[in-house]
Amino acid sequence: MDRISRARGVWLPVAVWAATRAVVLLCVLRVLVLPGPDVTTDVSVIYQGWSGVLKTGTFPLNDVTWQYPPAAALAILSPGLLPFLDYATAFFTLILVTDAATLALLLRAGRRAEHRPAGAWVWIAGVALLGPTAYARYDLMVTAVAVAALFAAVRRPRVAGALIAFGALLKVWPALLLTGAALRGRRARALWRTAAGTAAGLTLLLVAAAPGALAFLTFQRDRGTEVESLGALVFHVARHYGWDGQVLLNYGSLEFLGPGVPFVSTVALTLSLAAVGWLFLWRVRVRELRPGTLCEAAFTATLLFTTTSRVISPQYMLWLVGLGAVCVTVRAARQTLPVVLVLVATGVTLLEFPVGFAQVVASDPWGVALLAVRNGLLVGASLIACRRLWVSTRGDGHGRAGRGRTGTVGVVRPRRAVAGAPAAPPELTGTAPQPRTEGAPPSP
């Protein structure tokens, strides 16, 4: 019976994954065509064009749409690993393989003690809800690296540090995985040193390999308010009251240009800085780092910066889905509700892009309503995630920090005894009230 339930716990999610991914593949291969723009042109035109430039030994210096760290070149060049396929088909194939590897990581982690398989279902649902966009961007590769890093951090901090550094050089945001990392202890030092050393070494290598490795910093700085961002709602509404700005292709995305746009962009940057300030305050006031803190903090930080960003591209939802899947896998994490809100927002994102993108660009009521719902869900998820992260690390009895399933103080199992030596006593992970002897004064 045990074996049957275990098999069902593996084969059922795999079967659902296969069915949903078959539909996604049919969409990116244009067998099934969704309404709206063709999302695969980013691969067949833009990525393939960059690949041609990169093969000449330089980064796309003259293309302002190249806004990625230097290691992104590896993702863009990766279809060359399958020379028997055309560029786009090879890219989709590699994304499919990466997707399957991520599912395998989540299923394997879900079988460990103090973990659960629900995270695999979050991943299955989240990627499917985003639709073809999930396979038509390289963000799924980056998310897979981040998921692997979080799972490796428990037992292999050096591997985790290297993966975090590599992920940050693929698309910057995986650096946020360090938000909840411990600062003291042998494992903490190994993680931080490996992350710093790997980042420095890879950056120097890539800068030396080709000119223009750091050009993305300038291109990112000059971006404006993209039509799908939180701040863009101001202009979507303002257009119905005579605002005379316009929507133009700017730095690779459709952005609002006109009166008030620089101010709204500044407000967005201010909100991002406020998020940094809140995360710093949280770190300063943390009393106890729990087993789920690393993934919870990574999810919360990424959610905050995604929500307050001047640009919320549809593929950004993949970052949140991946980190949310890890949070749901770890039983000690308390981010289930924000993760559910992110999944709903991901489904709304598919309706907004590509299905209703024409209505969004035109600021039609239906398009604006979809955008308001999606961004509202992200704001709500951000606030709830912040609250739960703050409470869970107070260590004063308000959260479940330091407590086991029954509410008692958590205990680490005693270390195995070396041959001929007595077993070491168990270590307490919290503080239990000490029994008082009859008539003895209370301890200070």
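Everything numeric in this text was worked out from a predicted model, so none of it was measured.
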Member of Val264, Val234, Leu230, Asn250 meeting the side-chain contact (heavy atoms from CB on, under 4.5 Å) criterion with Thr225: Val264

Backbone N/O of Leu170 and side chain of Tyr138: donor-acceptor pair under 3.5 Å: yes

Chi angles and distances behind the side-chain contact (heavy atoms from CB on, under 4.5 Å) call for Trp17, Asp99: CA-CA 9 Å; Trp17 175 88; Asp99 185 2; 3.2 Å; yes

Smallest separation among heavy atoms of Phe299 and Gly324, with atom names: CD1-N, 3.7 Å

Least distance between heavy atoms, Gly212 atom then Phe59 atom: O-CB, 3.6 Å

Arg116 CZ: over 12 foreign heavy atoms closer than 6.0 Å: yes

Side-chain donor or acceptor of Arg137 paired with backbone N/O of Val39 under 3.5 Å: yes

Test item: Leu323 and Leu320 side chains (from C-beta on) under 4.5 Å apart, heavy atoms: no

Crowding at CZ, Arg30 (>12 non-hydrogen neighbours, <6.0 Å): yes

Non-neighbouring partners of Trp243 that pass side-chain hydrogen bond (donor to acceptor under 3.5 Å, both in side chains), sequence neighbours left out: none

Exceeds 12 heavy-atom contacts within 6.0 angstrom, atom CZ of Arg283: yes

Polar side-chain atom of Ser392 near backbone of Leu389 as donor-acceptor pair, under 3.5 Å: yes

Pairwise distance CD(Gln335) to CG(Leu303) - rounded to 0.5 angstrom: 8.5 Å

Stepwise side-chain contact (heavy atoms from CB on, under 4.5 Å) test for Thr133 and Gln315: CA-CA 6 Å; Thr133 304; Gln315 63 269 24; 4.2 Å; yes

Donor on one side chain, acceptor on other, Thr89 and Asp86, under 3.5 Å: yes

Contact summary for Val328 and Ala118, nearest pair of heavy atoms: CG1-CB, 3.5 Å

Beyond-backbone contact of Glu288 with Thr393, side-chain heavy atoms, under 4.5 angstrom: no

Min side-chain heavy-atom separation Leu26-Leu29 under 4.5 Å: no

Ser44 side chain reached by Tyr87 side chain, heavy atoms, under 4.5 Å: no

Working for side-chain contact (heavy atoms from CB on, under 4.5 Å), residues Val14 and Leu107: CA-CA 9 Å; Val14 169; Leu107 287 173; 4.0 Å; yes

Residue pair Leu85 / Pro79, side-chain heavy-atom distance below 4.5 Å: no

Donor-acceptor under 3.5 Å (Glu226 side chain, Ile312 main chain): yes

Between CE on residue Met317 and OG1 on residue Thr143, distance to nearest 0.5 Å: 11.5 Å

Residues which pass salt bridge (Lys or Arg N to Asp or Glu O under 4.0 Å) with Arg158, listed by chain and number, not counting sequence neighbours: none

Backbone N/O of Leu191 and side chain of Thr194: donor-acceptor pair under 3.5 Å: no

Validation row: Val207, Pro70 side chains within 4.5 angstrom (heavy atoms): no

Test item: Arg187 side-chain N/O and Val154 main-chain N/O as donor-acceptor pair under 3.5 Å: yes

Qualifying residues under side-chain contact (heavy atoms from CB on, under 4.5 Å), relative to Ala175, sequence neighbours excluded: Ala168

Test side-chain contact (heavy atoms from CB on, under 4.5 Å) applied to Leu130 and Leu350, step by step: CA-CA 5 Å; Leu130 191 59; Leu350 174 62; 5.7 Å; no

Shortest non-hydrogen contact between Trp121 and Pro13, atoms and distance: CH2-CA, 3.6 Å

Distance, nearest 0.5 Å, that separates CG of Leu249 from CG of Leu254: 5.5 Å

Test side-chain hydrogen bond (donor to acceptor under 3.5 Å, both in side chains) applied to Ser272 and Thr308, step by step: CA-CA 6 Å; Ser272 295; Thr308 60; 2.9 Å; yes

Minimal non-hydrogen separation, Leu248 against Leu257, with atom names: CD1-CD1, 3.6 Å

Under the side-chain contact (heavy atoms from CB on, under 4.5 Å) test, residues paired with Arg387 that sit two or more places apart: Val391

For Glu352, salt bridge (Lys or Arg N to Asp or Glu O under 4.0 Å) partners two or more places apart: Arg374

Non-hydrogen side-chain atoms of Val344 and Leu129 separated by less than 4.5 Å: no

Residues that Thr93 engages under side-chain hydrogen bond (donor to acceptor under 3.5 Å, both in side chains), provided they are two or more places apart: none

Any residue meeting salt bridge (Lys or Arg N to Asp or Glu O under 4.0 Å) with Glu296, in chain and number order, not counting sequence neighbours: Arg290

Whether over 12 other heavy atoms sit under 6.0 Å from Tyr241 OH: no

Nearest heavy atoms of Gly292 and Ala332, plus distance in Å: N-CB, 3.9 Å

Side-chain donor or acceptor of Arg331 paired with backbone N/O of His115 under 3.5 Å: yes

Nearest-0.5 Å distance that lies between atom CG in Leu271 and atom OG in Ser309: 11.0 Å

Contacts of Thr20 that satisfy side-chain contact (heavy atoms from CB on, under 4.5 Å) - sequence neighbours left out: Val16, Ile124, Ala128

What pairs of donor and acceptor atoms, side-chain ones from residues 375-382 against any protein atom, are under 3.5 angstrom apart with sequence neighbours left out?
| residue | atom | partner | partner atom | Å |
| --- | --- | --- | --- | --- |
| Asn375 | ND2 | Glu228 | O | 3.4 |
| Asn375 | ND2 | Ser229 | O | 3.3 |
| Ser382 | OG | Thr307 | OG1 | 3.1 |
| Ser382 | OG | Leu378 | O | 2.8 |

Aromatic ring proximity, centroids under 6.0 angstrom, Phe92 and Tyr135: no

Pairs touching residues 21-52 that satisfy ring pair (Phe, Tyr, Trp, His ring centres under 6.0 Å), sequence neighbours left out: Tyr47-Trp50, Tyr47-Phe91, Trp50-Trp66, Trp50-Tyr68

Heavy-atom donor-acceptor pair, Thr179 side chain to Leu176 backbone, under 3.5 Å: yes

Heavy-atom donor-acceptor pair, Ser78 side chain to Ala75 backbone, under 3.5 Å: yes

Just list the side-chain donor-acceptor pairs under 3.5 Å for residues 355-371, sequence neighbours left out, or say none.
| residue | atom | partner | partner atom | Å |
| --- | --- | --- | --- | --- |
| Ser363 | OG | His236 | ND1 | 2.8 |
| Ser363 | OG | Arg239 | NH1 | 2.8 |

Any Leu294 side-chain heavy atom under 4.5 Å of Leu177 side chain: no

Residue pairs involving residues 145-174 (criterion ring pair (Phe, Tyr, Trp, His ring centres under 6.0 Å); sequence neighbours excluded): Trp173-Trp319

